[in-house]
**Q** 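Below you will find the structure I want to go over with you.
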Amino acid sequence: MGTYTIAVLPGDGIGPEVIEQAVQVLQAVANHYGHNFIMTQALVGLAAIEAEGEAISDVTMELCQQSNAVLFGAVGGGARFEGPNSKTQPENALYRLRKELVLFANLRPVRLFQALLNASTIKPEVLQGTDLLIVRELTGGLYYGKPSEIHETPQGADAIDTLVYTEAEIERILRTAFELARGRRKKVTSVDKANMLSSSRLWRRIADRVAADYPDVSLEHLLVDSCAMFLLRRPASFDVIVTENMFGDILTDEASMLAGSMGMLPSASLGTRQTEYGVFGLYEPIHGSAPRAVGQDRANPIAAILSAAMLLQYSLGLKEEAKAIESAVEHVIEAGCRTPDVQEVGKKVVGTKEMGGLIAETI
Ligand code: NAD
């Protein structure tokens with residue numbers, strides 16, 4: 001029994017629809033185990049721009065700082081791109097949260113539910129045994145480097161982005177990956193582009209150095225292009241994959257298809273601050289706001305619900321409760337219920353609300 005504070009930021013598009021279900025499941029956990037989850041909602045993204053003039057306000061930042069964890073939906077409205085540093089770009093909410101809360105380690109587990117083996121576009125015999133964790137560096141690299149701008153010149157426009165990493169940034173994410181591998185199958189695949197990029201050559205050098213402190217964990221290096229290919233050819237061979245920000249962004253979307261849909265994959269972004277129960281973090285489905293699916297009750301809420309399970313595990317130290325959510329999800333899938341994105345012949349198609357309700361009931 002305990003009292004825990006959670007900032008809930010549903011955001012835009014399908015964000016509020018899937019977060020509503022995750023909150024319902026957290027409430028079911030609280031009722032069953034006798035916990036008190038104090039969940040405080042605030043606006044982010046387009047909704048915040050419209051109501052408060054910026055993608056995330058200082059007051060909402062403060063709410064997150066003061067909470068044990070943050071549950072986040074998705075932000076973005078599709079077409080408008082003004083660059084992540086613009087306060088009226090919805091994605092600025094995420095970039096600000098990640099940077100100011102120092103959420104440097106993004107964990108994206110790709111675990112297959114046996115009952116969904118046929119829901120993926122990849123052959124079941126290739127998928128069998130896949131259970132991997134992608135550890136993506138989240139606060140450095142191309143998405144934060146300066147300068148990042150477009151110049152209009154008499155000869156035509158040019159544009160520049162900057163890919164910069166410090167030794168300390170690389171070392172801390174690699175150590176996170178090695179530590180996590182110790183609790184798993186003790187294999188780290190470090191992904192870079194060392195044949196082309198200086199930042200990758202530094203990354204590889206530090207990976208070799210850090211590996212020496214973890215003699216019980218094996219290290220393989222892969223170029224990012226090879227990794228993209230091997231994820232489809234031999235996904236079960238991976239345990240922990242660690243990589244820089246943009247490579248991780250792209251590889252995790254690819255890896256989500258192993259699990260059948262973006263709607264199945266949760267994530268945790270862990271910071272450096274310890275709370276009284278664990279490490280402070282932000283938890284969100286890996287998918288975006290899916291503007292075209294809004295209001296149709298067809299978004300898969302499982303990624304958001306599994307993100308809530310990760311929140312319980314890492315930030316609140318409630319491992320049994322986290323397991324209860326994962327088991328409830330597995331149970332409902334095995335019972336044959338599917339949202340449209342993982343629909344299969346002979347299975348019962350349910351909407352966002354029904355799927356969330358079934359999982360909450362199972363808890
Ligand atoms: P998206 O993840 O929103 O959608 C990609 C595809 O996956 C779409 O076909 C969508 O219908 C489907 N999909 C996504 N989530 C689903 C779910 N839960 N259930 C069923 N199907 C699901 O990516 P996009 O279309 O490239 O981007 C839309 C907007 O979201 C953009 O504004 C983008 O910037 C933003 N975005 C936000 C985040 C975030 O908030 N973390 C992440 C990615 C994209």
Side-chain angles (χ1 to χ4, degrees), residues 8-22 25 43-49 55-56 70-86 88-99 101 103 106-108 116 119-121 134 136 138-139 143 245-246 248-269 281-308 310 329 333 337-344 349-356 359:
V8 179
L9 312 179
D12 306 317
I14 61 167
E17 298 174 28
V18 296
I19 290 300
E20 186 186 338
Q21 302 313 313
V25 169
L43 298 175
V44 282
L46 280 178
I49 293 166
I56 184 162
V70 180
L71 181 65
F72 190 96
V75 287
R80 225 156 35 96
F81 289 110
E82 294 166 12
N85 295 319
S86 162
T88 53
Q89 175 75 33
E91 284 78 1
N92 174 263
L94 263 182
Y95 288 94
R96 189 171 172 200
L97 282 162
R98 288 171 182 170
K99 200 69 184 175
L101 303 178
L103 303 170
N106 185 220
L107 276 46
R108 297 186 166 191
L116 284 183
S120 171
T121 50
I134 301 187
R136 167 189 169 196
L138 205 58
T139 52
Y143 298 173
N245 202 342
M246 187 176 74
D249 192 2
I250 297 168
L251 290 178
T252 47
D253 269 28
E254 182 192 1
S256 74
M257 294 318 293
L258 302 170
S261 163
M262 302 257 279
M264 295 297 300
L265 278 208
S267 82
S269 302
L282 178 147
Y283 301 82
E284 56 170 330
I286 77 150
H287 60 76
S289 54
R292 277 183 291 182
V294 178
Q296 296 166 35
D297 194 39
R298 67 181 173 92
N300 187 343
I302 290 178
I305 291 169
L306 291 175
S307 299
M310 292 184 86
V329 169
I333 292 172
C337 299
R338 303 278 188 279
T339 43
D341 54 318
V342 284
Q343 182 181 352
E344 284 175 82
V349 179
V350 299
T352 312
K353 289 196 170 86
E354 190 175 353
M355 179 57 93
I359 295 166

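Bear in mind that the values here come from a model prediction, so they are computed numbers and not experimental data. We count ligands from 1, going down the list as the structure has it; atoms in each ligand are counted the same way. In this chain, numbering begins with 1 at the start of the sequence shown.
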**Q** Mind checking what makes salt bridge (Lys or Arg N to Asp or Glu O under 4.0 Å) contact with E20, not counting sequence neighbours?
**A**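 E20 satisfies salt bridge (Lys or Arg N to Asp or Glu O under 4.0 Å) with no other residue.
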**Q** Should you measure from each heavy atom of L94, which atoms of ligand 1 turn up under 4.0 Å away?
**A**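 Near L94, the atoms of ligand 1 are 39 (C), 40 (O), 41 (N).
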**Q** Which ligand 1 atoms are under 4.0 Å away from a heavy-atom of A74?
**A**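 Here the atoms of ligand 1 in question are 40 (O).
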**Q** Quick check for you: to the nearest 0.5 Å, what is the distance between L43 atom CG and I56 atom CD1?
**A**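 So the CG of L43 and the CD1 of I56 are separated by 10.0 Å.
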**Q** Do any nitrogen or oxygen atoms of S289 come within less than 3.5 Å of a nitrogen or oxygen of ligand 1?
**A**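 Right, the criterion is met.
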**Q** Using a strict cut-off of 4.0 Å, indicate which atoms of ligand 1 neighbour a heavy atom of E91.
**A**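 The atoms of ligand 1 under 4.0 Å from a heavy atom of E91 are 32 (O), 33 (C), 34 (O), 35 (C).
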**Q** Show me which atoms of ligand 1 lie under 4.0 Å from any heavy atom of G263.
**A**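 Per the distance check, 17 (C), 18 (N).
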**Q** Side chain, backbone, both or neither: which applies to P291 and ligand 1 if a contact is any heavy-atom pair less than 4.0 Å apart?
**A**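 Under 4.0 Å from ligand 1, P291 contributes side-chain atoms alone.
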**Q** For atom 3 (O) of ligand 1, which of the options G45, G11, A290, P285 provides the nearest non-hydrogen atom?
**A**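 Residue with the shortest heavy-atom distance to the ligand atom: A290.
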**Q** Have a look at ligand 1 and work out which part of D341, if any, has a heavy atom under 4.0 Å from it: side chain, backbone, both or neither.
**A**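 The part of D341 near ligand 1 is the side chain, not the backbone.
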**Q** For the side chain of N245 and the backbone of R136, is there at least one donor-acceptor N/O pair under 3.5 Å apart?
**A**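 Looks like no, no N/O pair under 3.5 Å.
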**Q** List ligand 1 atoms under 4.0 Å from M262, heavy atoms only on the residue side.
**A**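 So the answer, numbered in order with elements, is 2 (O).
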**Q** Within a distance under 4.0 Å of any heavy atom of G76, pick out the atoms of ligand 1 and give their elements.
**A**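 Checking each atom against G76, I get 32 (O).
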**Q** Is it the case that D12 and S289 place a side-chain donor and acceptor less than 3.5 Å from each other?
**A**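 Absent: no donor and acceptor within the cut-off.
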**Q** Do D341 side-chain atoms and M262 backbone N/O form a donor-acceptor pair below 3.5 Å?
**A**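 No, the answer is negative, given that no donor and acceptor are paired below the 3.5 Å cut-off.
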**Q** Would you say E17's side chain and G295's backbone share a donor-acceptor pair under 3.5 angstrom?
**A**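 Judged by distance alone, yes, a pair lies under 3.5 Å.
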**Q** Got a sec, which residues hit side chain to side chain contact (heavy atoms under 4.5 Å, CB included) with T139, two or more places apart in sequence or on another chain?
**A**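 Result, side chain to side chain contact (heavy atoms under 4.5 Å, CB included) vs T139: R98, K99, F104, E137, R172.
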**Q** Is the backbone N or O of T352 less than 3.5 Å from a side-chain atom of R298, with the two atoms forming a donor-acceptor pair by type?
**A**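 No, the answer is negative, given that no donor and acceptor are paired below the 3.5 Å cut-off.
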**Q** Can you list the atoms of ligand 1 that are under 4.0 Å from a heavy atom of G288?
**A**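 Going through ligand 1 atom by atom, the ones under 4.0 Å from G288 are 1 (P), 2 (O), 3 (O), 30 (O), 36 (N), 37 (C), 38 (C), 42 (C), 43 (C), 44 (C).
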**Q** Can you list the atoms of ligand 1 that are under 4.0 Å from a heavy atom of E284?
**A**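 Heavy-atom distances to E284 below 4.0 Å select 41 (N).
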**Q** Determine, using heavy atoms of A303 and all atoms of ligand 1, whether some pair is separated by less than 4.0 Å.
**A**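 Contact absent.
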**Q** Once you round to the nearest 0.5 Å, how far does CD of E91 lie from CG of L46?
**A**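 One finds 8.0 Å between CD of E91 and CG of L46.
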